[in-house]
Structure formats: C-alpha cells, structure tokens
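Here is the structure we will look at.
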Amino acid sequence: MGLLSRHPLRSREPRRPKLPLYRSLAPSNAPLSPTKERYSDDEYSTCDSDSDSEDESPGHSRQSSTSVSSGAALMFPKKNKKAAYASRGPARRYLCRLPNRVVRYLCIAMMSTIIIFIFSLVRASQIENKKIAEGKEEYTPPVVAPPWESFGFLTRYYGGVRTMVPFADNVPQYPRLQDEGPYNASRTQQEPGKEAQEPKIANVPTSRSFGDYQGSVLPSDKDGIRECFLDDTNTVKVPTIRYLEGRPNGFPDNVVGSYELLSLPEDICFDRFGRYGPYGYGYPVPAGGLGLGEHGDTEGSDEMWKSSKKVEWLKVDWAKAQRQCYQSNAQRYKPLAVRESAPHGFYIGDNLTDSNVKRRDDADAEPQDVKDAGSHNAENTTTPVSEKPKGDIARTAVVVRCWDEFLWNEESVLNLRALIAELSLASGGRYDVHLLVQVRNDARHPVWADDDMYRAHIRESIPAEFQGISTLWSETQMLAIYQGLHDLWTRGPELPVHGSYRGLQMAMQHFAYNHPEYDYFWQWEMDIRYTGHYYDLLTKMERWAKEQPRKGLWERNGRFYMPYVHGSWEDFKQMARVQTEHGTLSADNIWEKVPGKVNPDQEPHQKTMGEESIWGPKRPLDQNDWFQTDQDPVPPTTYERDKYQWGVGEEAELITLSPIFDPEGTTWKLADDITGYNVTGGNGKPPRRAHIITASRMSRRLLVQMHRETAFKKHHAFPEMWAATVALHHGYKAVFAPHPVFVDREWPTEYMARVLNGGRNGASGGSRASVFGDREHNMKGLTWFYNAGFSGNLYRRWLGLKVNNDGGEEFETTPDLSKNETSVGTMRGGEGRMCLPPMLLHPIKAVDLPVVQSVSDATVQESDPAA
C-alpha cells in the first residue's frame, strides 16, 4: 500500500497484517479537512521539513496517495501525534536541491570550459613549435646543472704566509697525476678518537725586493737607463715591490698556460703589503698613504720601510713624472715622429717666428699640466721639432680604458699607480700610460665645442694625480669620424655599432692615428689586476711572442695549452699540427662516415681529413673587399718547405691573452657581427678570428689599417673580433701568449682539456661544440675570463676581505680547531694573510676596502684653545 521505509535499522522480517482499530468519529459539526488529516510522515517534504525519518513502530505505515476523500479518511486509524513525534529518530538536514535545469546548465558550462582549455593548450603548442622551426624563437632546454658544479672546491688557495714552503718542496693540492692519490690533507685534520691539536705555525718569513730577484728583467744602470723619480728635484724614488720565497703549503698549480714557457717567476709569491705597500697601502693618510691595510694580519708589513721611504702620493703628477722620465732616457729610443698639426683653416700666426705668442684672452690660461691633458689639445699644437736619431728602441703606449662616470676608490687608485710606476718609470720611459676616458653624455658635457669644458670635465671626473694623462672620447665623436657603417643591430637598438660595447676599437684606432710617437699599443682595462710586477709580465710576453715561428701559429693560437695534459710545448706544437692536418672526431663530424650520407658540396671523406693550415694572408673571397694589400707580408717559401724559421725574431703585430678562435659555426652570439663585406653570390661571411677580452697589444701598423678600413671601406666587426680579423686578412703576425690560469674546482684535467678544446679538430672554436658561446659557463671558475667569478673572490680574500662569510681578519689571525679542513668554509685559518704567485685576474670590480681615514677627511682641524 505504501512505500517501504528507508530507515537503515528497520527489521528485515515482513510485516504481518493487523486489523484496523476503529475509533469513534468526531462530532458531526466538526469540520473535516483532508489537509489536517494528513500524516506527519508522508512522502512530501520541503527544505525546512524534519519529517524524513520513518517511524519504527510496526503500527505505522506511510501513505502513497497524496489526497484522500473525507470518507476514506474516516476508515483509517487515527494516529497519536505526540506518540509519533516521540518515536521518531534524530532528524536529518539536507541542502536545497537545485532545479534540474540549473544543474544541466552548470554541467554544460563546465564541460565546455574543459574542452576550450584543452584546445587552447594544443593550439599554443602548435604556435610555439612553428616559431622554433622558423627560427623566430630559440628553444630553451630545461635547466640542468653542469657537471663542473659537482666538482669540489680547492682549499689551499687560501693558505697563509706562516705555512710557506720552498716551491720545489710544495705538494700541490691540484692537479694530481694519474699515479698520485688524493691530496693528503689529513696532517691538519683531527684524527678519530684524539683531541684536535693546533697546527704548527711558523713566523712570517722576511720579504725581499723584486729588483734583487734573479729572474727579473727590470732594467738598471748597467743597461744604460737613468733612474726616474716622482718629483722635479729627482729626490723621491719609487719603492720596489717585495716578494716572499716559495708558496703556501699545498698551493695548487696552474691548470692552463705556463710559467716556464714565458719565463715568469713561479717560485715566489706576493702578499698584499709587498704588492701594494709601495703605493700607499698599509700607512695612514697623513703620512701620504690611503689609510688601508690596518686590519687583519699585519706582522712583517713594515719590512719594506727599512730600506725605502714612504711617498706622499697625493702630491704626484703622473703626466709630469712620465715626461721627465722619458726626457732623461730619450737617447735610447727612436726619435719622436713629426706630427703635423691638424688642418683647421687659415690662422695668421702659424708661421710667426715668435713662438711665445700670447693668447688674447688671458682668462683661458690654464696650468701646464692640465693643458697637456689629452690628444684633443695636441691636435691644435704645431709640429714638434724632431730630435736627432740616437737610439732604435721602439716605444709602447699602455692605454687604459675608462669612462667619466667611473667610481674611483682607493683600490683602483692603487692599481693604476702600480701600473704607471712599474711600466713607465721602471722602464726608463719605454712605456707611457694613458687614460682613454669615454664621455657618456656629451650633450650635457659639450667637450668638443669648448676647450675649457674639455679641461673642466677632466678635473671633475678624474683624480688629480691622473688628470694629465687623460684623453676624452665619445660615441658621437666616433659617429662623426666613421660615417656610413651599415649597422646590423646584432645586440638590439640600445647597443649601436659606434657605442662603447660594439665600437670600442674605434676609439683605440683614432687614438693610435693621433699618436705616431708609439710603435705599439697595449689596450688595458680598469678591471684587470696582476699580482706580480707589470713590467716583468709585459716584457716577457713580448719577447716570447717575438720568437714564435709563423708555421702552425694560427693553429696553436686557437687552442688552450694545458701542460698536465699536453706535455711540453714541443709536444703541443706537434699535436696541433697533426690534429689540423688529419682532423679529429667531434660532434660535428662523428656521423660523416655513415654509409648513405651524401653532402652535395663536399665529399664525405673530406670533412674528417683535417683542414688547411693558414700560411700568409687569408683574404675575403670577393676581391672588392681587399684594401691596401700591397704591403702585406708574403711567405718566403711554401708551408711544407719551411723549417719553423719564418717569423722568428719578428715582432708580433697582435698579442692576445686569450685563444684566437674561429667563430664560424660556434654558438657565440657575436660571431656574425661583421659588416661592410659582400656576403652575396655565395661569398658568405669573410674569414675571421676572435679573442674574448680585448686586452691585447696591437702595433700602430695594425691599428692604422683598421682605422682606414673602417673609414674608407666601411669594414668593421665586434671589438673582440676586429683586430684579429684584420691581422688574418693581411697576413700579420698574431700570437696568443699562454699565461698561467688557475681554476677553483678539482676538475679532471683530461675532461677539462676536452671541454676547453672541444671545437673543430681539437681547437677551441670552429664548431657548435666550442666552449665559446653556450658553453662559456665552464670558464666561470677560471682566474681569467670576461665573467669569471673565481678571480674576484680570490682577489678579495687576498686583500683580507670576507667572501661568502669566509676569510677576514679573524680567519687570518686565529685558528678554529673545531673545523676539519674539508672545504673552504671549514678551513681552520690562523695561517696569516694570503700569498699569491704572479697571476692575471679578470674581472675585478668595485673592491671596497676598509679605510681608517679617507683622503677627503684628511684635513687637519685646528685645536680649540678653550677646550
């Protein structure tokens, strides 16, 4: 009759029929309403109803009918409402049920959203793949940590002067030969079951003057050089830097380059006081110093002042000192070249016999040292009188690049003082040091419109002691000189071809054109440091480059030399020759011998048979791109007949400090940044070479050739590629000097050699597997690369600063016996200040040293009598 009860606890036994219980009817006058006769537990319910539970009494039964007649109602037994409510179970509450139409719409909307989202993802993937296929967007692979990050850090770089051992007795922590075990550092570690003992620390050894070093090439009176001084009265001498014998115990060896090959000193080292003490480090401002070096280990730092006096460096004028030094030794050098004054139109007083013509406006008169600042003023001077020929030694200019917004600090002043003193004054005037300063905002500083503004801007931007050696240049000046270049915008519109990033060589070319008194120009940077003597470094590299034969030179230039892998230099030469002639397997040609592979332009077997060695000029294919080739060097014989004789004793036109690699086929982003050449008709890009970091020595012959090609033929390339490319096209002698380079981690040397020389046929460039480009991250741990991180950390630790919370004053003076010497952060310390062998470091930027009293605060205050 009715629906079954939904109560979960009801009995499963079937109900037995019971006879109805009849009761008396209500009075006849009582209204009969079907609504009131409804049972409280019928099947209808609303959101607010609590009558969903079934009555568990066997005498109750639900009605299935929604309406009954009054007569039928009388036939049913009447319920007791109170009893019914009392017998109910706990009430259940349910949320309102949405209408079916609303639920149907919601489901349709949700399914539509999912379908649209799936189609959007598919379409986005198709568009991304199409962009990558068309080359509009580069594919970015997932970031994977390079293998070198798993190599452990070397710790013995940070040993101190109290653990010095002779170089012959030093057991380097790295590299280790194949028959050697791991570096034994257990002598300084705590043995199990024993208490830690303080390591044996010796006293600081006595330093010695570098002028007395047996392998030094510093000129002296025996060489016919007159000593140079810092003042006009020839009384203030330049103190000599001092070194320590040996190296700190366990100091690693260089993994790239060679000390022995270049005759550089490897059996000595320099601490910060011996290196920079002569130039104002280690004594206060009132005494003429910079107020540096008052913290950390200072034992033995005053050793140099027993034989020399402290210099008041703030009173030094480097322009005057260099000029005076040259004049004292002028008889040794070639006579100064006659430089004609630049044509500036008719001037009535050009040929007057009275050379002391006064200027009409006396207010324009400036001190002589400021008047001589820069080549801008020199262009307006008359032709100097050439001296009589007395010597035949060529002179060299060291041009340090800078800019007018450069933040000068005490450390950068120290380095520049060392550079000038050790190159110009120590050489007797063979070197001159210049500052080539870029004006970054010549709209605000119109230095080309007014000579007084030119001088004033130098005074505002450069420290007083260096103002006389400064020359200004700007991007707009280069734009006016080198007009008509086709800009490829390889690095975007923010970096034009005439700017300091892509057109840096333009300023160097123009500088060399205006300075015929020099035969060679070293291009230097403000963020380069050398922990040895600058004259010793440059002179020995120049001598070594002069003795290099031309045969196989370009092939050797393109490779990193690693003595622990390649053996002697002769073995390296032969290896480079064999690899070039016969070729090697690499990622670019490993599949060339697979059967069925056909190259329409080249036979399959030719790619693995090596390449042709460079012998003489290697010019562009289109002869219209040739320029002034009449004076180019010509090989005296064929490549096969030469016995490594051509080029020996010939000065190098280009000396670089990094490998000169072939950018063709590499992933280097600037490989195609060369303009002005005909690339149509199958000519392609001209042959080119590049070297990372523009620091190099260039001859005036090379720079003037670059200058003329840029001005007349509109040829130009990225600064790190332009000089080497011009040298390649004209057959000039170019040499890479393999100076010592150190690494911060324990690389397997064989693996490192494969990474660095991973290009075509065992070279560093020439293929997509080259280390230059996407694989440059492998060189971040070197002491010499454009973005190396190890060089800056090592240099700061050497100066006594903390790096990554390691090092510092406490580390140098107090040992921590709780540490176990297993990593850089767990070194015990207490060995004193660091001592580094001569090494080139780059880049070194923004080194802020603690100053006891700055130069600006060095004014003496008057005492108050009433105090």
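Source: prediction; values computed, not measured.
Using modelled atom types, one finds a donor on one side chain and an acceptor on the other under 3.5 Å when comparing Ser658 with Trp784. Side-chain contact of Arg272 with Tyr281: a donor-acceptor pair under 3.5 Å is present, judged by distance alone. Donor-acceptor pairing under 3.5 Å is lacking for the side chains of Tyr520 and Glu653. Judged by distance alone, the side chains of Asn409 and Ser412 do bring a donor and an acceptor atom under 3.5 Å apart. In this structure, a donor-acceptor pair under 3.5 Å is present between the side chains of Ser474 and Thr476. A donor-acceptor pair shorter than 3.5 Å cannot be found between the side chains of Trp408 and Ser461. No side-chain donor from either of Gln467 and Trp318 sits under 3.5 Å from a side-chain acceptor of the other.
Each of Thr539, Asn329, Thr396 was compared with Arg430 under the side chain to side chain donor-acceptor pair (under 3.5 Å) criterion, and only Thr539 meets it. Exactly one of Val285, Leu799, Leu849 qualifies for a side chain to side chain contact (heavy atoms under 4.5 Å, CB included) with Leu292. That residue is Leu849.
Using the six-membered ring where Trp is involved, Phe511 and Phe521 have ring planes that are perpendicular, over 60° apart on the 30 and 60° scheme.
Across every non-hydrogen atom of Arg700 and Ala512, the tightest pair is NE-O, 2.9 Å. Nearest heavy-atom pair, Lys685 versus Ile674, reported as atom, atom and distance to 0.1 Å: NZ-O, 3.7 Å. Contact detail for Ile458 and Ser470: the closest heavy-atom pair is CD1-O, 4.0 Å.
The salt bridge (Lys or Arg N to Asp or Glu O under 4.0 Å) analysis of residues 432-443, with sequence neighbours excluded, yields the pairs Arg395-Asp432. The list of salt bridge (Lys or Arg N to Asp or Glu O under 4.0 Å) pairs with a residue in residues 493-517, not counting sequence neighbours, reads Asp487-Arg502, Arg502-Asp673. Among pairs with a residue in residues 705-726, none fulfils salt bridge (Lys or Arg N to Asp or Glu O under 4.0 Å), at least two apart in sequence or across chains.
Rounding to the nearest 0.5 Å places CG of Leu703 at 8.0 Å from CD of Gln523. Put simply, CD on Gln324 and CG on Leu425 are 9.0 Å apart, with the number rounded to the nearest 0.5 Å.
Side-chain contact check for Tyr530 versus Met839: every heavy-atom pair is 4.5 Å or farther apart. His715 has its side chain within reach of Trp722: a pair of non-hydrogen atoms, C-beta onward, lies under 4.5 Å apart. In this structure the side chain of Pro686 never reaches within 4.5 angstrom of the side chain of Asp625, judged on heavy atoms.
Residues passing the salt bridge (Lys or Arg N to Asp or Glu O under 4.0 Å) test with Asp632 are Arg619, sequence neighbours excluded. Arg491 pairs by the salt bridge (Lys or Arg N to Asp or Glu O under 4.0 Å) definition with nothing, not counting sequence neighbours. Qualifying side-chain hydrogen bond (donor to acceptor under 3.5 Å, both in side chains) partners for Glu651, counting only residues two or more places apart in sequence or in other chains: Arg697. For Gln505, there are no side-chain hydrogen bond (donor to acceptor under 3.5 Å, both in side chains) partners, not counting sequence neighbours. Looking at residues two or more places apart in sequence or on another chain, you find a side-chain hydrogen bond (donor to acceptor under 3.5 Å, both in side chains) between Trp522 and Glu542. With sequence neighbours left out, Asp404 forms a side-chain hydrogen bond (donor to acceptor under 3.5 Å, both in side chains) with His457. For the side chain to side chain contact (heavy atoms under 4.5 Å, CB included) test, residues two or more places apart in sequence or in another chain that qualify with Asn787 are Lys780, Phe785. Residues passing the salt bridge (Lys or Arg N to Asp or Glu O under 4.0 Å) test with Asp744, sequence neighbours excluded: none. Residues passing the salt bridge (Lys or Arg N to Asp or Glu O under 4.0 Å) test with Arg401 are Glu525, sequence neighbours excluded.
Trp473 has its ring centre no less than 6.0 Å from the ring centre of His510. The ring of Phe466 has its center no closer than 6.0 angstrom to the ring center of His434. Taking the centre of each ring, Tyr501 and Phe718 come in below the 6.0 Å mark. With ring centers used as reference points, His716 lies 6.0 Å or more from Tyr482.
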* To do: Apply the test side chain to side chain contact (heavy atoms under 4.5 Å, CB included) to residues Leu836 and Tyr795: give CA-CA distance (whole Å), side-chain angles for both, the deciding distance (0.1 Å), then the verdict.
  => CA-CA 9 Å; Leu836 295 179; Tyr795 185 74; 6.0 Å; no
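No more than 12 heavy atoms of other residues, nucleotides or ligands lie within 6.0 Å of OH in Tyr513, so this atom counts as exposed by the packing criterion. Surrounding CD of Glu460 are more than 12 heavy atoms belonging to other residues, nucleotides or ligands, all under 6.0 Å away.
Using a cut-off of 4.0 Å between Lys/Arg side-chain N and Asp/Glu carboxylate O, Lys845 and Glu411 are scored as not salt-bridged. For the pair Glu664 and Arg688, the salt-bridge criterion is met [side-chain N within less than 4.0 Å of a carboxylate O].
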